[in-house]
Amino acid sequence: MEKNKVIKAALLGVGTVGGGVYKLVKRQKEEFRHKIGTDLEIAKILVRDAAKERPGIDSELLTDNWQEILKDDSIEIVIEVMGGIEPARTYILEALRAGKNVVTANKDLLAEHGKELMDEAKEMDRDLLFEAAVAGGIPIIRPLKQCLAGNYITEVMGIVNGTTNFILSKMTYEGMDFEDALKIAQDLGYAEADPTADVEGYDAGRKIAIMASIAFNSRVTFSDVYTEGITKISALDIEYADNLDCVIKLLGVARHKEDGIEVLVHPMLISKKHPLASVDDSFNAVYVHGDAVGDTMFYGRGAGELPTASAVMGDVIDTARNIVYHCTGRIACSCYKDIPVKKVDDIKSKFFLRMVVSNTPGVLANIASVFGNNGVGLERVLQQKVEKEKAEIVVVTYPVEERHLRDSLRIFDGMSIIKNIPAIIRVYGE
Ligand code: NAP
Ligand code: HSE
């Protein structure tokens with residue numbers, strides 16, 4: 001162990017997360033000295049606009065010139081919290097090639113270019129840690145890579161986007177409109193710069209791709225993930241879910257089945273009795289099933305300044321300890337298998353369908369026969385809203401491969417008695 005050393009780090013970005021990291025390094029200076037065995041210092045901060053007023057940040061540290069950080073050999077840790085693919089990808093690769101260690105919160109980048117970055121880190125024997133990239137403040141990457149390494153993991157499932165969970169909670173419990181709830185989530189710093197990634201499920205898709213890769217030891221990228229967002233979820237669907245004793249959550253699901261990996265993000269009706277049903281507001285939770293440990297659940301704040309900074313700092317402290325003990329690069333990429341990812345058409349789910357149909361005799365029998373002819377069994381049928389001309393029918397299917405449901409939908413498309421199918425939502429359970 002090297003004594004009397006100061007470990008210098010540079011922040012790339014000092015927005016929501018970077019600002020939180022800066023605060024923690026300042027306020028925990030003494031604690032960190034004991035935890036690491038040396039001092040830790042933020043030596044430089046890269047931003048787009050170095051002239052901008054930034055209350056609480058030492059303006060002397062600001063630079064808009066990446067080369068100043070890259071060429072400074074005294075900087076051993078680069079903390080990338082600026083987001084986006086480029087220039088973040090290039091900066092991380094250059095930092096690793098220059099012998100620096102990297103901590104990042106950038107799931108967009110890892111879910112697409114994780115292999116390239118990990119390979120470079122391995123080549124250089126440097127740390128590339130990314131606990132904050134999935135589920136903000138919740139420890140989940142380290143548990144998957146280390147604490148649960150003795151398991152054969154078959155399922156990882158969770159609520160991994162704070163913005164959508166916040167919106168759905170506000171819609172469910174306060175009757176708030178989608179747009180109003182989204183605005184509050186943005187003001188609280190949960191949402192991405194472009195909230196499309198949150199509400200369309202892309203952010204959760206990137207996180208489930210990262211978790212699936214680690215859990216199943218096989219590379220899954222964002223493009224492998226089937227995603228559906230929450231923009232079509234209406235107050236009416238939430239009301240029907242309530243009648244079925246369920247709530248609607250946006251879930252990321254990854255399963256290792258005999259014939260491949262299933263990896264999806266979609267809204268789901270989940271029983272109010274399930275532990276994930278009571279994970280509300282911006283909280284996240286991840287369920288992991290391992291052959292030895294059984295079920296485990298990780299719960300906490302999935303977004304925001306200090307919760308995310310907490311995860312980043314855990315990685316920074318780990319890296320600093322590894323620097324002190326000359327053992328960086330200990331935990332490299334763990335994707336040593338090549339398991340195929342299944343097509344969504346081949347994945348079995350239960351479905352909730354809300355159908356607007358003609359209010360004429362025999363409609364229900366016709367619908368049941370189309371489903372029956374395509375191998376789709378019906379577990380529940382509700383008819384609650386009836387007008388003179390139209391009726392609303394809600395069905396819940398038994399688990400069925402998605403292609404059978406799609407075959408039924410193609411037939412419904414050509415039937416004049418079916419006016420519209422405003423909601424098709426998966427339902428948790430066997
Ligand atoms: P943010 O508030 O928008 O801050 C981004 C920071 O990066 C700003 O200081 C910005 O500089 C700087 N920056 C951006 N592009 C740059 C460039 N090309 N060159 C130099 N500086 C640049 O973002 P954030 O919410 O902190 O998110 C940062 C990362 O953490 C993202 O990857 C995000 O996905 C991830 N993350 C965020 C959360 C969360 O709760 N917010 C949670 C988990 C993970 P200026 O200030 O000059 O514009
Ligand atoms: N926009 C993300 C969320 C931030 O709402 O969960 C954390 O990754």
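Each ligand, and each atom within it, is numbered from 1 in the order the structure gives. Note that the numbering runs from 1 along the sequence shown for the chain. Given the structure is predicted, the values throughout are model-derived calculations rather than measurements.
- Every protein residue with a heavy atom nearer than 4.0 Å to ligand 1 is included here: Gly13, Val14, Gly15, Thr16, Val17, Leu46, Val47, Arg48, Asp49, Lys52, Arg54, Val81, Met82, Gly83, Pro87, Ala105, Asn106, Lys107, Ala132, Gly189, Glu192, Ala303, Gly304, Thr308.
- In summary, of the residues considered (Val376, Val400, Thr397), a side-chain contact (heavy atoms from CB on, under 4.5 Å) with Ser408 occurs for Val376 alone.
- Looking only at distances, a side-chain donor or acceptor of Glu131 sits under 3.5 Å from a matching main-chain atom of Arg142.
- Under the 6.0 Å cut-off for aromatic ring centres, Tyr428 and His274 qualify, their centroids lying closer than that.
- Side chain to side chain, Asn322 and Thr319 fail the donor-acceptor criterion of an N or O pair below 3.5 Å.
- Under 3.5 Å, the side chains of Arg33 and Thr38 contain no donor-acceptor pair of N or O atoms.
- Residue Asp198 places at least one N or O, backbone or side chain, under 3.5 Å from an N or O of ligand 2.
- Under the 4.0 angstrom criterion for non-hydrogen atoms, Gly302 is in contact with ligand 2.
- Judged by distance alone, with hydrogens and angles left aside, the side-chain atoms of Ser169 form a donor-acceptor pair with the main-chain N or O of Asp281 at under 3.5 Å.
- Of all protein heavy atoms, the one lying nearest to atom 5 (O) of ligand 2 is Thr163 OG1, 2.6 Å.
- Taking every non-hydrogen atom of Lys207 and a distance limit under 4.0 Å, the qualifying atoms of ligand 2 come out as 2 (C), 3 (C), 6 (O), 7 (C), 8 (O).
- No donor-acceptor distance shorter than 3.5 angstrom exists from the side chain of Lys23 to the backbone of Glu305, with no hydrogens or angles considered.
- The contact set between ligand 2 and Tyr190, taken as ligand atoms under 4.0 Å from a residue heavy atom, comprises 1 (N), 2 (C), 3 (C), 4 (C), 5 (O).
- From the protein, the heavy atom lying nearest to atom 8 (O) of ligand 2 is Lys107 NZ, 2.5 Å.
- If you look at Asp203 next to ligand 2, the close heavy atoms, those under 4.0 Å, all belong to the side chain.
- With 3.5 Å as the limit, one finds no donor-acceptor pair spanning the side chains of Asn65 and Thr63.
- The protein non-hydrogen atom at the shortest distance from atom 6 (O) of ligand 2 is Gly162 N, 2.7 Å.
- Ser213 contributes no side-chain N or O that, together with a main-chain N or O of Arg219, makes up a donor-acceptor pair within less than 3.5 Å.
- Checked against the 6.0 Å centroid threshold, His404 and Phe371 do not count as a close aromatic pair.
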